[in-house]
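Naming convention: chains lettered A, B, ... in sequence-line order (proteins, then strands); numbering from 1 in each chain.
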Amino acid sequence: MLKTKLVAATTLTAAILAIAPGAFSSAVGEEIRFMCSSDGNECVAIEEIIKRFEAENPGVDVVMDEVPYKAILESLPVQLAAGTGPDLAKVTDLGGLNKYYLDIKPYVNANYWEESFGETLNWYRSGPDDDGIYGMHSQLTITGPYINQTLFEQAGVAVPAADADWDTWAKAAREVAKATETRFAMAMDRSGHRIAGPAISNGAKLFDEKGEPILVDAGFTGFVEKFVDWHNDGTMARDVWGGSGGTSYQDAAQEFINGELVYYYSGSWQVQRMDTSIGDAFDWKVVGSPCGPAACSGMPGGAGIVGFKATESPETVAKLIDFLAQEQNYADLTAKSLNIPAHAAVAAKGVDYAGASPTAAKALNTWGQQVSTISPVAYAYQGYKNNRAMFNITLQRVSQAIVGEMSVEEAMKRAKDDLKQALAAAAN
Amino acid sequence: MLGLLLPVMRLIEVPMLAAQRRFGIQKLAWVFLTPNLILFALFAFLPIILNLVYALTGSDQILLRDRPFVGLENFGTLAACENYLDPNSCEKDFFWRAVHNTVVFVILQVGFMVGFSLITALVLNQKIRARGFFRSVFFFPVLLSPVVVALIWKWILQRQGILNAGLEGLGYDSFLWLLDRQWAFGWSVFLSVWAHMGFYTLILLAGLQAIPRDVYEAAVMDAASPFRTFYRITLPLLMPTMLVVMVLALIKGVQTFDEVYAFTGGGPGSATTLIIQYIYETGFAGAPRLFGLASAASIILAVVLVVLTGLQLWATKKNANG
């Protein structure tokens, strides 16, 4: 009798424990986890729109995990590969993570998406045969330079014309730095993506006639030689590319903000930081990417919001991304986060950067104008799924040439070999 | 007190005796060991086996079912080298640069670590004023997180750091300590010695205090000089402890990663890239993620550590046997 009671009690307890999580889950509703990282306030701006989504969709609870950028680059791919990632995330390795993406095409109005996001949809696809819809490009960025205008005025050096080449800019920046006793003439973020625009302008093709990646050619090598020489003669701040190792990212924004840098090659995502940090300490402005024999191009890029196919709520995830992509919401997000829109209708109508200072608004407009100067090679590079491997190879080998571990020639030979090995590994 | 304990002991005794009757005295040990063994198998043994499997498979996929068997190819790729003393001649030059850096780092770090720890322990063993305070001061860096240690020294050594401010104040030119390959490497060794020296000093101090006082009294009566006393008494009697310190420092040195990574990121170039950083970047930060190659490198490192651990066990045993 006692044994029967004991068995009954144990069974009842087990049943209650088994039912409890389900009961708890239905009380809370559908939980969606969103991994987000931003340079400015983008995650906060997204969260505001998500609150409206939650109000319109009772029972859906979107939990935003704001993480450092490094976590998006390094932890997220491993989580996805292991099947333990979030439901959606803001990513920058657009094509590289394609195999994990949820195709939201069955849940959304595909025509609206094609018309609104056009070319950027390809950046998230696996190749030319893929017509899925995977990501909403929330932050269109362009790489290019900022200059400290006050230092140019103090030095009495004329700001080079819009079509000036790299050598002209380097000469002008050196003159300004010398005349104003500024610590650094030029600096470029330590990133394989950043150096790509100038290399393309210098004639780098990056791909052969068949569209296969080659990375190194005469145009690419030519710019790397120039870049290394500028580090050796003190034109470029050695601290950025020469001060770190491995694949670590390093920028020079703080040096520019501190007024220690004349010419800073970074990108459009820094506008908000420049605006809030510099204030009226000095005048700064965005100038176009310097020209080379082939183009005057920066690199397009940015980040987008994607869902993952491992999610248990594909429809809700698709619905949320679609909600963010609606014209009004997208315009809101762009205006609040001071980004360049990738949405055709929003771009066509223009963005009212209401919260931005006149300097920031002007800078954003200048960045917007730069879109037309982007080379097709740059678009192809940005859309190539293994571009991160190419960025990392560039970063490591160019850094080695800068610090004198090997010659430029040797570094470029190594870069070619690295690319072959990386592509072979990725193809397996 | 004993009256209170006895009923408790009896309470434990009842199930113990029941278990002993059920399993027999020989098997009872396994009853206690099993939970621990399961945890060990799950969190230590299984990862080791998995690591081995990854080292023998290829591709950038993480799930084993998607990884083709490649045998010893990953080990072969790492070993492909025309001249092992010249990393530029190796297929995976970053691996060999990391190996070279690690070897030089360990030799310098262990040498300086043991030397400075011994000197510090000898000084702190003297009857000096505020001895307790100084013992705490030397031990304090051990308590700091490696990232904190790295940031402190980065702030001191950077372009506009305290050291350069001091040099400029004295009329000298500032120097870019972390942009020069040799200096960056040297400072990485220094930082590592500074951060861990306190721990080894403490061990050596305990060793010094275990040396009987009467031996020193006999040396004083024989009018032995301080140097002779150190050379003939302190050093031989401290040698077993020093051996343990040396092997421990050696193992820890080979495993160095976090503080140097946070300090220099492995740069300039690859000047301070150590073997653990290579494994981390190959497996997790690179693109594509070469888990097989990273696993193969970690197995090579594990073999080195097993040898060093064997050395430590041997040294400890020899010490215990006198």
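Top candidate by heavy-atom pairs under 4.5 Å with chain A, chosen from B/L176, B/L179, B/I62, B/L178, is B/L179. Taking A/R388, A/E410, A/R414, A/R183 one by one and counting their heavy-atom pairs under 4.5 Å with chain B, the maximum is reached by A/R414. Interface summary for chain B: among A/A422, A/A401, A/S248, the most heavy-atom pairs under 4.5 angstrom belong to A/A422. Most heavy-atom pairs under 4.5 Å with chain A: of the set B/G267, B/G292, B/A287, this distinction falls to B/A287. Interface summary for chain B: among A/S244, A/S399, A/G96, A/G243, the most heavy-atom pairs under 4.5 angstrom belong to A/S244. No other option in A/G83, A/A82, A/P77, A/S75 has as many heavy-atom pairs under 4.5 Å with chain B as A/P77.
To the nearest 0.5 Å, atoms CG (A/D418) and CG (A/L215) are separated by 9.5 Å. The structure places OG of B/S59 at 9.5 Å from OH of B/Y54, a figure rounded to the nearest 0.5 Å. The distance from the OG atom of B/S174 to the CG atom of B/L167 is 7.5 Å, given to the nearest 0.5 Å.
Both the backbone and the side chain of B/N88 come within contact range of chain A, with heavy atoms under 4.5 Å apart. B/Y261 touches chain A through its side chain: at least one heavy atom from C-beta onward sits under 4.5 Å away, while N, CA, C and O do not. Both the backbone and the side chain of A/D239 come within contact range of chain B, each with at least one heavy atom under 4.5 Å from a heavy atom of that chain. Contacts between B/E91 and chain A at a heavy-atom distance below 4.5 Å involve backbone atoms as well as side-chain atoms.
When all heavy atoms of B/R67 and B/L63 are compared, the closest pair comes out as CG-O, 3.4 Å. Nearest heavy atoms, A/L423 versus A/P213: CD1-CG, 3.5 Å.
At a heavy-atom cut-off of under 4.5 Å, chain B is reached by A/E260 from residues 250-264 of chain A, listed in order of number.
The ring-ring contact (aromatic ring centres under 6.0 Å, His included) search around B/W96 returns B/Y84, not counting sequence neighbours. Residues forming a side-chain contact (heavy atoms from CB on, under 4.5 Å) with A/Q400 (at least two apart in sequence, or on another chain): A/R397, A/E405, A/M406, B/D93, B/F94, B/R97, B/S270. Applying the ring-ring contact (aromatic ring centres under 6.0 Å, His included) criterion to A/Y384, with sequence neighbours excluded, gives A/F207.
The aromatic rings of A/Y101 and A/Y124 sit tilted, their planes meeting at an angle between 30° and 60°. Relative orientation of the B/Y280 and B/F257 rings is tilted, given thresholds of 30° and 60° on the angle between their planes.
Proximity of B/E259 to B/L191: side-chain heavy atoms (C-beta onward) are separated by under 4.5 Å at one or more points.
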